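The structure appears right after this line, and notes come after that.
So you know, we letter chains A, B, ... as the sequences are listed, proteins then strands, and number each from 1. The structure presented is a predicted model; accordingly, all values stated were derived computationally and were not measured. The figures that follow rest on heavy atoms only: side chains count, while hydrogens, waters and symmetry mates do not.
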Protein chains: 2
Amino acid sequence: MSDALRQFKSEIFQGLANPTRIAIVELLREGELPAGKLIDKLGIEQANASQHLAVLRAKQIVVSRKVGNQVYYSIRDRALIEVLDILRRYFYAQLNTTVTMLKEAARETPKSRLVTRR
Amino acid sequence: MSDALRQFKSEIFQGLANPTRIAIVELLREGELPAGKLIDKLGIEQANASQHLAVLRAKQIVVSRKVGNQVYYSIRDRALIEVLDILRRYFYAQLNTTVTMLKEAARETPKSRLVTRR
DNA sequence: CCACTATATTCGTTATTTCGAATATACTAA
DNA sequence: TTAGTATATTCGAAATAACGAATATAGTGG
């Protein structure tokens, strides 16, 4: 695969590599919202929200349009929602795996060993 | 959605937010490889590759198993490959959009204006 | 034991990200 | 014009990431 494509992918990931920005994308899942609404729901500083929105714009994850005084944001491509959905499933799959492993470990290992081991 | 899930997602994205690490994941797409093979194909410093592998392990993106002298890496969950595929399609979709927009702009705007604008 | 190979970790440096505070810009309404 | 609201940008500090050089660890075969 080309370097350009790898670069592009890593920039998308970088754009989403922050819990606040994920929250923003998820708030936009149902459609566009003005920046002010986002700030209210996120409960963070206005400047900070605006900075995160700038990152999302720079990485082409969202687009904005101005309406009078306000700026409406929306997700540029539904593919990104799909990505988040995949990761949600992935998260729960991993959770199950972890829990299963813990249960097995508990069954196989006498309690006394659990305490003193290593 | 829960904070924990958002945190988890952002950590996955952080894990993939680097072209070298994307290259690693793509090299592992067809199955496991020992670290040495990865280093050869990536053409980077051994220490650097090992550091990136440590990040991928920490974010639970890959798993490793030791066989004698070597450490074999593989992708923990195919879902991540799916994510990369979605982004590949997304990349080309965006490319098309951009090209189309450039073409339209060129048609609508006389050449003289393209030079002097702003 | 020693020497060798494969991989990981630590360290120091430089670059990037994140945040809040302050400031700037753009729009509306009077 | 001025005042007010919505949003963006700049600045400086603290935290985090990335890299190569050096070193450490674990495994294999004499």
Side-chain angles (χ1 to χ4, degrees), chain A residues 3 6-25 27-28 32-76 118, chain B residues 3 6-28 31-76 118:
Chain A
D3 265 22
R6 257 194 303 271
Q7 184 61 41
F8 171 80
K9 285 179 185 172
S10 77
E11 282 185 17
I12 298 276
F13 288 128
Q14 223 173 306
L16 295 170
N18 175 289
T20 299
R21 291 199 291 272
I22 293 193
I24 292 173
V25 171
L27 285 171
L28 296 178
E32 68 176 7
L33 284 177
K37 248 320 190 239
L38 289 172
I39 293 164
D40 287 352
K41 300 209 182 196
L42 292 169
I44 62 178
E45 291 290 320
Q46 180 270 326
N48 191 5
S50 205
Q51 286 163 13
H52 282 304
L53 288 169
V55 172
L56 291 172
R57 264 185 281 122
K59 308 292 186 192
Q60 315 256 61
I61 293 169
V62 302
V63 291
S64 61
R65 70 187 181 96
K66 205 160 189 174
V67 176
N69 226 0
Q70 292 169 294
V71 178
Y72 283 80
Y73 281 91
S74 54
I75 294 170
R76 191 190 179 97
R118 268 221 176 222
Chain B
D3 265 21
R6 257 194 304 271
Q7 184 63 40
F8 170 80
K9 285 180 185 172
S10 77
E11 283 186 16
I12 297 276
F13 286 128
Q14 225 173 305
L16 294 170
N18 174 288
T20 298
R21 291 199 291 272
I22 293 193
I24 292 173
V25 171
E26 284 172 347
L27 285 171
L28 296 177
E32 68 176 6
L33 284 176
K37 254 303 193 252
L38 289 171
I39 293 166
D40 287 352
K41 300 208 183 199
L42 293 169
I44 62 178
E45 290 289 319
Q46 181 269 327
N48 191 5
S50 205
Q51 285 164 14
H52 282 304
L53 288 169
V55 172
L56 292 172
R57 264 185 281 123
K59 308 295 186 189
Q60 314 256 60
I61 292 169
V62 302
V63 291
S64 60
R65 69 186 180 97
K66 206 161 189 172
V67 176
N69 225 1
Q70 291 169 294
V71 179
Y72 282 80
Y73 280 91
S74 54
I75 295 169
R76 192 190 180 93
R118 262 206 189 239

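The distance from atom CD of B:Q7 to atom P of C:dT18 is 12 Å, rounded to the nearest whole Å. Distance B:Q70 CD to C:dA8 P: 11 Å, rounded to the nearest Å. Going from atom CD1 of B:I39 over to atom P of C:dT5 covers 15 Å, rounded to whole Å. In this structure, A:L42 atom CG and C:dC19 atom C1' are separated by 15 Å, rounded to whole Å. For A:R65 and D:dA6, the CZ to P distance is 17 Å, given to the nearest whole Å. We find that CD of B:Q46 is positioned 11 Å from P of C:dT9, with the value rounded to whole Å. In this structure, A:L33 atom CG and D:dT7 atom C1' are separated by 15 Å, rounded to whole Å.
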Problem - CA sep, side-chain torsions, deciding dist, call: A:D40, A:K37, salt bridge (Lys or Arg N to Asp or Glu O under 4.0 Å) - result: CA-CA 5 Å; A:D40 287 352; A:K37 248 320 190 239; 5.5 Å; no

Handout entry: Trace of the side chain to side chain contact (heavy atoms under 4.5 Å, CB included) decision for A:K66 with A:V71
Key = CA-CA 4 Å; A:K66 205 160 189 174; A:V71 178; 4.3 Å; yes

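A:Y72 comes within 4.0 angstrom of nothing in the nucleic acid, heavy atoms only.
When distances are taken from the side chain of B:L53 to each of D:dT9, C:dA8, C:dT7, the shortest belongs to C:dA8.
For A:I39 against A:I44, the heavy-atom pair with the smallest separation is CG2-O, 3.7 Å.
In this structure, the side chain of A:R21 does not engage the main chain of A:L56 through any donor-acceptor pair within 3.5 Å. A:R6 places no side-chain N or O within 3.5 Å of a backbone atom of B:I22 that could act as its donor or acceptor partner.
Applying the ring pair (Phe, Tyr, Trp, His ring centres under 6.0 Å) test to B:Y73 and every residue at least two apart in sequence or in another chain returns nothing.
Using a 4.5 Å heavy-atom cutoff, the side chains of B:V67 and B:R65 are in contact. Side-chain contact between B:R57 and B:V62 is present, with at least one heavy-atom pair separated by less than 4.5 Å.
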List, with names and distances, any nitrogen or oxygen atoms from the protein found under 3.5 Å away from nitrogen or oxygen atoms belonging to nucleotides 26-29 of chain C.
| residue | atom | partner | partner atom | Å |
| --- | --- | --- | --- | --- |
| C:dA26 | O3' | A:K66 | NZ | 3.2 |
| C:dC27 | O2 | A:N69 | OD1 | 3.4 |

Exercise for the section: Take nucleotides 15-21 of chain D nucleotide by nucleotide from the 5' end and write B, S or -, depending on whether a protein heavy atom sits under 4.0 Å from the base, only from the sugar-phosphate, or from neither. Expected result: --SSBBB

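Atoms OG and NZ, on A:S10 and A:K59 in that order, are 7.5 Å from each other to the nearest 0.5 Å.
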